[in-house]
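Data first, discussion second: the structure below is written as structure tokens.
One-based numbering, in listed order, for ligands and for the atoms of each.
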Amino acid sequence: MLTQASIDGIAAAYSSSALVDLRKFTRLKPPPPPAAAALFLKARTEMGDPLKAEFLQQQGQSNAMADPLLTENPLKQGKKVPCVLSVAGSDSGGGAGIQADMKACAALGVYCTTAITAVTAQNTVGVQGIHCVPEDFVEQQLQSVLSDFDIDVVKTGMLPSSRMVKIVATAVRDYRVRALVVDPVMVATSGDELVGPAILGVLCKELLPLADLVTPNIPEASALIGGKCVSNIPDMREAAAVIHQLGPRYVLVKGGHLTSNDIVDILYDGKDWHELHSLREETHNTHGTGCTLASSIAAELAKGAAMLPAILAAKEYLSIVLKHSKKLMIGKGPQGPLNHLYGLANLVDMTNQMRLNPRDLMLYAVTDSDMNRRWHRSSSEAVRAAVEGGATIVQLREKEAESREFLTDAEACVEVAHQLGVRLLINDRLDIAMACNADGVHLGQSDMPVSVARAILGPKKIIGVSCKTPEQAQEAWKAGADYIGSGGVYPTKTKKDNKTIGLSGLYDVCKGSPLPVVAIGGISAANVEEILRSCPVNLFGVAVVSCLFDQPDIRAATANLHSKILKVFNTQRAEGR
Ligand SMILES: Cc1ncc(COP(=O)(O)OP(=O)(O)O)c(N)n1
Ligand SMILES: Cc1ncsc1CCOP(=O)(O)O
Ligand SMILES: [Mg+2]
């Protein structure tokens, strides 16, 4: 057991009086939008943790919603991006250190810069080698990052030499770093030593007094208090008090090394102790949990949370990550990595499951039976050539054909399009679309109402709707459509007596449409650039008939149009639109 005398002794040995107190530079940002905080409170309360919820309510803040899919992502254009600097070692296995920090920050919507202190040869089995980065070069990395980026929080991990610790402390002081989270990494999850006890003195004397938070696990807490045994919660409390005497604003002693299933972390701020409980997850994939927790706390602080909400949110994120890591099979060793970016995989799944990726509207080929007849082509030959030339979606538009002939053609075209990985829609005819298992339909204003078509086709099929006005586009959206075809932009021989809306009409539809828009009518390689440039928002592509299908070489004509569209989109992307 620790005695008051030993606490005082260690505190005296590592007196912090001579150091500049950087805490006065700690500037945490204003609370996030109430909606996010309310969501978080609701989620926490529903999870049966009223104490934490109450605390958050008192704080009136925290954008600390742990699930990145539910949070407003702060990595937005036109806003100051929250920024963390991780000063840590690289893990070649990708599970801990710098790699964990970057993934955790990314998952929480925070930009992560790095200064790499050591390169480890490491995997799920253990640490096979350590190569320390020369101290001067670590210093150079710190200078590069701190002189350029607006860093909100510095988080340190593996600091393998005393000089390295001093260099980091100097940088934190010189650049008036706003907040510092110190994870006093000593031993990897595998039990391999990463940092020797020689750095302890300098760590306690130089870095901890500058820290807003230090996050030792039980062996590290024990090392920080001179090797005293820490084996239960009262010991953890005492250790936290001793470490607090070394100067950090908060101490979080993590209890994962105790065997209980109810993991208790102790947070001490010099006045109050908080017991933070979490359930142990039954998983071997725990490599990098310490780094992940510390960098997640840093990320939450960077977003503006106060310390306790930041820690609660980080713990929440970690426990969700652990749940999503249970079935991960990576590496042959006993400790697998975490699935930090589980939310991204969900996002990818969601994108794959989306009825329509609006980017597929980029070059929308609409077939024409008259033209195919004139050029002696079958519909499926025409579809194949267009898709091979770069068409990103196809619509079969047969105005004259009998149902049976239309269906036979449609079946052949669906087969070709699907072989080549492109969706095929049917113009006007739901019955044909259903019979040939097309990907959906395109409907006009006088065709079947969209809500009826949606009810018939179900949730998986794509529905496009022709609209000349923003009001029509809004109606289509309400009724369950997926995209808007807007035109005719220019007059065309392909659809006679069709009122044109011009570039300004197209602009109005794009501006007022909640759905992605594709322009149609009189579009060719000669005017596609001006059309796309005139509507930089919401116009995802062009739908064309004659400039592809009334041509001697459909493939070449499509490829030519494709390259023109790509040129505009690439420029717009480079300009940040
Ligand atoms: C992509 C796309 N946009 C608009 C139309 C026109 O459809 P509609 O108004 O139903 O006229 P018809 O094509 O049926 O004559 C379209 N087909 N495709
Ligand atoms: C179907 C349709 N809807 C509005 S204009 C049009 C025809 C477009 O054909 P083209 O690309 O040959 O001008
Ligand atoms: Mg129609």
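Between Glu282 and Lys326 no salt bridge is recorded (no basic side-chain N to carboxylate O distance below 4.0 Å). Of the charged side-chain nitrogens involved, none lies within less than 4.0 Å of a carboxylate oxygen, so that Asp508 and Lys511 do not count as a salt-bridged pair. Using a 4.0 Å cut-off between a side-chain N of Lys or Arg and a carboxylate O of Asp or Glu, Arg384 and Glu381 do not qualify as a salt bridge. Under 4.0 Å is where a charged nitrogen must lie from a carboxylate oxygen, and between Glu300 and Lys303 at least one such pair does. Between Asp152 and Lys80 there is a salt bridge, since at least one side-chain N of the basic residue sits less than 4.0 Å from a carboxylate O of the acidic one.
Here the protein heavy atom with the shortest distance to atom 14 (O) of ligand 1 is Lys399 NZ, 2.7 Å. Among all non-hydrogen protein atoms, the one lying nearest atom 2 (C) of ligand 1 is His442 CE1, 3.3 Å.
The N, O or S atom of Asp447 with the smallest distance to the Mg ion (ligand 3) is OD2. Asp428 contributes OD1 as its N, O or S atom closest to the Mg ion (ligand 3).
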Take Phe540 and Tyr483, measure what side chain to side chain contact (heavy atoms under 4.5 Å, CB included) needs, and give me the verdict at the end.
-> CA-CA 10 Å; Phe540 280 79; Tyr483 74 90; over 6 Å; no
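Atoms of ligand 1 found under 4.0 Å from any heavy atom of Asp428 (numbered from 1 in listed order, with element): 10 (O), 14 (O). Close contacts between ligand 1 and Asn427 involve ligand atoms 12 (P), 13 (O), 14 (O), 17 (N) [criterion: under 4.0 Å to a heavy atom]. For ligand 1, the atoms lying closer than 4.0 Å to a non-hydrogen atom of Gln395 are 1 (C), 2 (C), 16 (C), 17 (N), 18 (N). For ligand 1, the atoms sitting less than 4.0 Å from at least one non-hydrogen atom of Ala543 are 1 (C), numbered in the order shown with element in parentheses. Below 4.0 Å from some heavy atom of Lys495 lie the following atoms of ligand 1, by number and element: 11 (O), 12 (P), 15 (O). Interface atoms of ligand 1 facing Arg397, defined by a heavy-atom separation under 4.0 Å, are 12 (P), 13 (O), 15 (O). Less than 4.0 angstrom separates some heavy atom of Asp447 from each of these atoms of ligand 1: 10 (O). Listed by number with element, the atoms of ligand 1 under 4.0 angstrom from any heavy atom of Gly444 are 8 (P), 9 (O), 10 (O).
There is no side-chain donor-acceptor pair under 3.5 Å between Asn123 and Lys332. One side chain, Ser90 or Gln99, offers a donor N or O that lies under 3.5 Å from an acceptor on the other. A donor atom on one side chain and an acceptor atom on the other are found under 3.5 Å apart for His418 and Asp439. The closest side-chain donor-acceptor pair between Asn285 and Ser325, if any, does not fall under 3.5 angstrom. Side chains of Asn339 and Lys103: no donor on one and acceptor on the other come within 3.5 Å. A donor-acceptor contact closer than 3.5 angstrom is absent between the side chains of Tyr317 and His340.
Residues with a heavy atom under 4.0 Å from ligand 2: Arg397, Thr492, Thr494, Lys495, Asn498, Ile520, Gly521, Gly522, Val544, Val545, Ser546.
Considering backbone and side-chain N/O of Tyr483, none are found under 3.5 Å from N/O of ligand 1. At least one N/O-N/O distance between Ser466 and ligand 1 falls below 3.5 Å.
Cys83 places none of its side-chain heavy atoms less than 4.5 Å from the side chain of Asp150.
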